[in-house]
Amino acid sequence: MKPITSYKPISLLIFLLVSISSCKDFLEVEPRDQVSDATLWSSTANADLFLHDVYAGIPTMDIGDPWENYSDNSLNGQAGRVSGILYGASIYTPSNAPNRWALYTQIRKCNLFITKVTASALSDPWKTQRLGEARFLRAYYYMLLWTAHGGVPIITDVLNQSTQGDAIFRARNTPEETVKFITDECAAAAKDLPTTAEAGRATKGAALTLKAWCELFNASPLYNAANDKAKWALAAATYKSVMDLKTYTLFPDYNTLFFEENNNNVEVIFDRQHLGGTGLANYRESYLGPRFVYGTLTGFGHVDPTQDLVDEYAMANGLPITAPGSGYDPQNPYVNREKRFYQSIVYDGSTWLGDLMIMKQGVGSLNATDLNNSSVSTKTGYYLRKGMNTKYASVNNNQNSANLILFRYAEVLLGYAEAQNEAVGPDESVYSAVNLVRARSELPPLSPGMTQAQMRVAIHRERRVELAFEDKRLPDLMRLKLAEKVLNGTVHAMKIDMVGGKPVYTVIPAAGGAKTFYPEKNYVLPIPQSAIDKNPKLTQNPNY
């Protein structure tokens, strides 16, 4: 199966069509900045080019300031980024807040594709699958809007102001209406999508996983204040339907799971395709990786893991560092930790590209923990290792073709465990799902006899560690209404001083790590003021 790695834009289609038409009389050539409906929707190859362009609109990770930096998992090593100065301080406004509103451009493309393909004379089997893909993609874009902004206008027709006038302006749907639309679309798409497909294309598993994620979000405290168990049960059932497909399993090596040589592996349910050496390259090693190696700038350090996250990694015996008998030594903090810690974090005394990484103060290291928010080195005492392929670890390297995994099977297992635990308590299936994830990292099974509350804590910790740096933490903080607790105050760093020839480890507030969160408004982002200025029917989210 060939991946959709090219995501050929419409401009390429225009070029091909113009080239074909060049042999005709020039009076018969159609305008060269347009593609006629008769041409675009007359063949599956041409229509596929349009759909590839819709796939290409899937947001990839913002390597300049990933969403993880908006959470308590990491800080941007560069001062002055939006995650710190605007979002972290909660001083953003509808005019300058981060937002997802530009996704309506992609939604319009989905609507156009669905309308034109439905009316076309293309073959029914091809139409069925591709329409399922387009409906999935539209639902995915709406999911990003809904989880960020709450209820948004649901638009399924192709708007044209020149012919429709003010009728193009639509009011916001409620959050309940929005999530119902998304999950209904996913259910419909799942019926028409195959279990397996060309790499990069949506499948039945992708549609069901998106549906389950939205149901989990909707069952969580943000939208389920009354703790309706039926909402949790619905999410658990959908996650179980993904598990019952028997299509996915855990990839054996967590360390290389995200590398290009393992693209589209058995754990991947849906990913955003990348292609090295092109404008679709993955630049994560260059922008997210450790800054100085052998005294040379090698990466920009745009993701510095916080001490708060590091403390969540268990000991090798499976116990949290705070548990009696864990064996954790705060003055020897990096010994006997679980495998995912060593696979995810660059810490003092570890190596990167063969160089010993030193974050200690006063020893002349360029990587010494930055105590002054000066953009010199790591703000936290840590750099990112997870997903980083050393062969691409150099500034501005654009050769990496590693895809960005958006949904994978470990998330399904943990989503099922969380939903099932909330619906019925920690039954055997909950233990089984969590223990599968733990077993890959050579952690022992969870202790039997846990209460629902104890299992909840264990699942939340497992989810935070397993999915760290995959842009999952911020939506989790929102849906669980934990942001008002963990995004008020400061995140932490590790300061290491040499005293009497021995290192002394001290947890300190991270430079630039102060955060403010207003629960009366910040659980959703504002509607962009530019959108409200254009559409008089839009209403702003409360207190913005």
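Note that the coordinates shown come from a computational prediction; the quantities given were computed from them, not determined experimentally. Numbers for residues simply follow the sequence, beginning at 1.
The aromatic rings of Y223 and F217 lie tilted to each other, with the angle between the two planes from 30° to 60°.
Note that the CZ atom of F407 and the OG1 atom of T203 stand 11.0 Å from one another [nearest 0.5 Å]. The CZ atom of R81 sits 9.5 Å away from the CG atom of N69 when rounded to the nearest 0.5 Å. Between the OH atom of Y70 and the CG atom of N76 there is a distance of 9.0 Å, given to the nearest 0.5 Å. Between atom CG of residue L103 and atom CG of residue L137 there is a gap of 11.5 Å, rounded to the nearest 0.5 Å.
Using a distance-only test at 3.5 Å, with no hydrogens or angles considered, a donor-acceptor pair links the side chain of N488 to the main chain of E484. H302 contributes a side-chain N or O that, together with a main-chain N or O of I63, makes up a donor-acceptor pair within less than 3.5 Å. For N541 (side chain) and L525 (main-chain N/O), a donor-acceptor pair under 3.5 Å exists by modelled atom type. With hydrogens and angles disregarded, no donor-acceptor distance shorter than 3.5 Å links the side chain of S220 to the backbone of L222. Under a 3.5 Å cut-off, the side chain of R438 and the backbone N or O of P444 do form a donor-acceptor pair. At distances below 3.5 Å, at least one donor-acceptor pair connects side-chain atoms of E177 with backbone N or O atoms of T174. Judged purely by atom type and a 3.5 angstrom limit, D329 uses its side chain to pair as donor or acceptor with the backbone of Q331. With hydrogens and angles disregarded, a donor-acceptor distance shorter than 3.5 Å links the side chain of N96 to the backbone of T93. Of the possible polar contacts, none joining the E338 side chain to the M315 backbone as a donor-acceptor pair under 3.5 Å is found. The closest donor-acceptor contact from the side chain of Q540 to the backbone of P526 lies at 3.5 Å or more, if one exists at all.
Nearest heavy atom pair, residue E267 against residue A410, reads OE2-CB, 3.3 Å. Of all non-hydrogen atoms in F517 and M478, the two that sit nearest each other are CE1-CE, 3.6 Å. Listed here is the closest heavy atom pair of P98 and W67: CB-CH2, 3.9 Å. Taking each heavy atom of S375 and D370 in turn, the nearest pair found is N-OD2, 3.2 Å. Scanning all heavy atoms of the two residues, the minimum distance from R337 to Y334 falls at CG-C, 4.0 Å. Minimum interatomic distance between L75 and G513 (heavy atoms only, all atoms of both residues): CD1-CA, 3.9 Å.
A salt bridge (charged side-chain N to carboxylate O under 4.0 Å, His left out) with E185 is found for one member of K180, R135, K211 and no other, namely R135. Each of R473, K472, K386, R440 was scored for a salt bridge (charged side-chain N to carboxylate O under 4.0 Å, His left out) with E466, with one residue passing: R440. Exactly one residue among R340, R461, R463 makes a salt bridge (charged side-chain N to carboxylate O under 4.0 Å, His left out) with E312. That residue is R461. When each of Y142, Y523, W101, Y544 is tested with H149 by the rule ring pair (Phe, Tyr, Trp, His ring centres under 6.0 Å), just one qualifies, namely W101.
Y239 has its ring centre no less than 6.0 Å from the ring centre of W213. Between Y347 and Y382, the gap from one ring centroid to the other reaches at least 6.0 Å. Less than 6.0 angstrom separates the ring centroid of F136 from the ring centroid of F270.
A heavy-atom distance below 4.5 Å is found between the side chains of W146 and N218. At a threshold of 4.5 Å between non-hydrogen side-chain atoms, the residues L487 and L477 count as touching. Contact annotation: the side chain of M357 never approaches that of R291 to less than 4.5 Å [non-hydrogen atoms, C-beta and beyond]. Annotation: side chain of F469 is in contact with side chain of L309 (closest heavy-atom distance under 4.5 Å). No side-chain heavy atom of R108 sits less than 4.5 Å from a side-chain heavy atom of Y104. Inter-residue side-chain proximity for L467 and E411 is flagged as met; some heavy-atom pair is nearer than 4.5 Å. A heavy-atom distance below 4.5 Å is not found between the side chains of T238 and Y416. Side chains of I345 and R385 form no contact here, defined as non-hydrogen atoms less than 4.5 Å apart.
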Report the C-alpha distance between Q273 and D271 in whole Å, list the side-chain angles of each, state the deciding distance to 0.1 Å, and finish with yes or no for side-chain contact (heavy atoms from CB on, under 4.5 Å).
CA-CA 6 Å; Q273 305 282 292; D271 56 4; 2.8 Å; yes
From CA spacing to verdict: side-chain contact (heavy atoms from CB on, under 4.5 Å), L446, M455
CA-CA 9 Å; L446 293 173; M455 179 61 79; 3.8 Å; yes
K240 and D244: CA distance, side-chain angles, deciding distance, salt bridge (Lys or Arg N to Asp or Glu O under 4.0 Å) verdict:
CA-CA 6 Å; K240 184 65 162 56; D244 289 343; 2.8 Å; yes
When you look at R170 and N535, which way does the side-chain hydrogen bond (donor to acceptor under 3.5 Å, both in side chains) test go after all the steps?
CA-CA 8 Å; R170 309 289 173 83; N535 181 358; over 6 Å; no
Which is it for E470 and R408 under the salt bridge (Lys or Arg N to Asp or Glu O under 4.0 Å) test, yes or no, and what are the steps along the way?
CA-CA 11 Å; E470 297 179 47; R408 59 186 179 92; 2.7 Å; yes
Show, in sequence, the C-alpha distance, side-chain angles and deciding distance for V310 and T306, and conclude whether the side-chain contact (heavy atoms from CB on, under 4.5 Å) test is met.
CA-CA 6 Å; V310 167; T306 63; over 6 Å; no
Start with the C-alpha gap between I496 and T369, add the side-chain angles, then the distance that decides, and say whether side-chain contact (heavy atoms from CB on, under 4.5 Å) holds.
CA-CA 8 Å; I496 311 172; T369 303; 5.6 Å; no
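Side-chain contact annotation: W232 with N421, donor-acceptor N/O pair under 3.5 Å absent. Judged by distance alone, the side chains of Y92 and N522 do bring a donor and an acceptor atom under 3.5 Å apart. Side chain to side chain, N435 and S432 fail the donor-acceptor criterion of an N or O pair below 3.5 Å. A donor and an acceptor atom, one from each side chain of N224 and D228, are nowhere located under 3.5 Å apart. Between the side chains of N400 and N282, not a single donor N or O lies within less than 3.5 Å of an accepting N or O. A donor-acceptor pair shorter than 3.5 Å can be found between the side chains of H274 and T60. D304 and S74 form no side-chain donor-acceptor contact under 3.5 Å, judged by distance and modelled atom types alone. Counting only N and O atoms by type, the side chains of S429 and D427 include a donor and acceptor under 3.5 Å apart. Side chains of R464 and N73: a donor on one and an acceptor on the other come within 3.5 Å. Looking at N367 and S377, their side chains never bring a donor and an acceptor atom within 3.5 Å of each other.
Annotation: cation-pi pair K495/Y505 absent, no NZ/CZ under 6.0 Å from the ring centroid and within 45° of its normal.
Residue K229 places its NZ atom among more than 12 non-hydrogen atoms of other residues, nucleotides or ligands, all under 6.0 Å distant. More than 12 heavy atoms of other shown residues, nucleotides or ligands fall within 6.0 angstrom of atom NZ in K521.
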